[in-house]
Amino acid sequence: MTTTLSLALLALTIGLSHADDNPAVAAMQDYLDFADYGEGSISTEQLASIESTNILYIDTRNPAQYDSGHIPGALNIEWRLILARRAEIPTDRPVVLYCDTGLLSSKAQFSLKIAGRDNIKVLWGGYLMWLAGQDSGD
């Protein structure tokens, strides 16, 4: 048991020291040092007040969730695949990511931001908030 614990602590120590030298960690810290509180998000009210014909919506949920209902015209790229499929995401127009609530799409937006994409927003409240607005006629 002691050997296993010692090996686990050694692996953790090596992992932590390696993280200090990781350029991805440095890039994330640079972003977090200067990010505004609402950085990267957009509300359904803000969407309603802007010209939205040029916006690309990306549903970051899994295909079954997408198939059960999505924003019309939305592309489905599951959040875990967002970096692998980033070539499909335009850089010359606004892109709004969403999931059910905004949690998973926020992870995808953060990844794309670190990868240098500045035209990506997350729909605050996600598909559920958007859907509620549709039901109320907003």
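Only heavy atoms go into these numbers, but all of them, side chains included; no hydrogens, no water, no symmetry mates. All figures in this text were calculated on a predicted structure; none of them were measured in a lab.
- The backbone N or O of P90 lies less than 3.5 Å from a partner atom in the side chain of N119, making a donor-acceptor pair.
- Not a single ring pair (Phe, Tyr, Trp, His ring centres under 6.0 Å) links Y57 to another residue, sequence neighbours left out.
- Listed by chain and number, the residues in a side chain to side chain donor-acceptor pair (under 3.5 Å) with D118 are K113 (sequence neighbours excluded).
- Counting only N and O atoms by type, the side chains of Y98 and D59 include a donor and acceptor under 3.5 Å apart.
- Heavy atoms of other residues, nucleotides or ligands lying less than 6.0 angstrom from CH2 of W124 number 12 at most.
- For R85, the salt bridge (Lys or Arg N to Asp or Glu O under 4.0 Å) partners are E88, not counting sequence neighbours.
- When the side-chain contact (heavy atoms from CB on, under 4.5 Å) test is applied to T91, the partners found at least two apart in sequence or on another chain are R117.
- Residues meeting the side-chain contact (heavy atoms from CB on, under 4.5 Å) test with P63, sequence neighbours left out: N76, E78.
- When hydrophobic residues (I, L, V, M, F, W, Y) are linked wherever their side-chain heavy atoms come within less than 4.5 Å, the members clustered with L112 are L56, I58, L75, I77, L81, I82, L83, I89, V95, L97, I120.
- Taken to the nearest 0.5 Å, the CG atom of L131 stands 9.0 Å off from the CD1 atom of I71.
- Expressed to the nearest 0.5 Å, how far OG of S68 lies from OH of Y127 amounts to 7.0 Å.
- Looking only at distances, no side-chain donor or acceptor of R61 sits under 3.5 Å from a matching main-chain atom of C99.
- Heavy-atom minimum distance, N54 versus P94: ND2-CD, 3.8 Å.
- Hydrophobic clustering of Ile, Leu, Val, Met, Phe, Trp and Tyr side chains at less than 4.5 Å, counting indirect connections, unites I55 with I42.
- For the atom pair H70 NE2 and Q65 CD, the distance stands at 13.0 Å (nearest 0.5 Å).
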